[in-house]
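All figures in this text were calculated on a predicted structure; none of them were measured in a lab.
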Amino acid sequence: YLLWGQSLNRMRAYGAALEKLEEAAREAAADDLPEIAYQQGRALLRISRYDRAREAFERIPLGHERTSFALRSLGEIALELENWESARFW
């Protein structure tokens with residue numbers, strides 16, 4: 001389901017991607033959860049679901065290959081929501 005969700009994200013079918021990624025999260029090995037969170041955050045960000053996107057990006061552990069994107073995205077979310085203090089932090 002992860003690969004399916006990734007493909008749907010690339011095709012900009014974000015709603016469908018989120019459905020597949022939720023299925024992937026239910027069946028995933030622990031090592032795949034950060035990638036699933038990244039893909040979910042990406043889709044949620046694109047459809048302006050900022051609170052849920054933030055939660056997804058915060059599930060990506062420090063030191064993971066997607067951490068830098070997650071941190072940048074958290075900053076973008078803070079700016080979009082005009083949360084200046086949080087934006088300065090990220």
CD/Glu27: more than 12 non-hydrogen atoms of other groups inside 6.0 Å: yes
Smallest separation among heavy atoms of Leu74 and Glu58, with atom names: CD2-CG, 4.0 Å
Side-chain donor/acceptor of Thr67 to backbone N/O of Pro61, under 3.5 Å: yes
Pair Arg59 + Glu55, salt bridge at N-O below 4.0 Å: no
Straight-line distance of Ile36 CD1 to Arg66 CZ, nearest 0.5 Å: 12.5 Å
4.5 Å side-chain heavy-atom contact, Leu21 and Tyr1: no
Nearest-0.5 Å distance, CD1 of residue Ile60 to OG of residue Ser73: 8.0 Å
Spacing of OH belonging to Tyr38 relative to NE2 belonging to His64, to within rounding of 0.5 Å: 10.5 Å
side-chain contact (heavy atoms from CB on, under 4.5 Å) evaluation trace for Arg42 with Phe69: CA-CA 10 Å; Arg42 220 176 122 203; Phe69 180 84; 4.3 Å; yes
Trp84 to Leu79 - nearest heavy-atom pair and separation: CZ3-CD2, 3.8 Å
Closest non-hydrogen atom pair between Ile47 and Tyr14, with its separation: CG2-CB, 3.8 Å
Whether Asn9 side chain and Ala17 backbone form a donor-acceptor pair below 3.5 Å: no
Side-chain donor-acceptor pair present, Glu22, Gln40, cut-off under 3.5 Å: no
In one Ile/Leu/Val/Met/Phe/Trp/Tyr side-chain cluster, 4.5 Å: Phe57, Leu81: yes
Gap separating the CD atom of Gln39 from the CG atom of Leu18, nearest 0.5 angstrom: 10.0 Å
Non-hydrogen atoms of Leu33 and Ala28 that approach each other most closely: CD2-CB, 4.0 Å
Gln6 and Lys20: CA distance, side-chain angles, deciding distance, side-chain contact (heavy atoms from CB on, under 4.5 Å) verdict: CA-CA 9 Å; Gln6 288 171 322; Lys20 295 304 173 191; over 6 Å; no
Shortest non-hydrogen contact between Ile77 and Arg54, atoms and distance: CD1-N, 3.8 Å
Ala24 to Leu2 - nearest heavy-atom pair and separation: CB-N, 3.6 Å
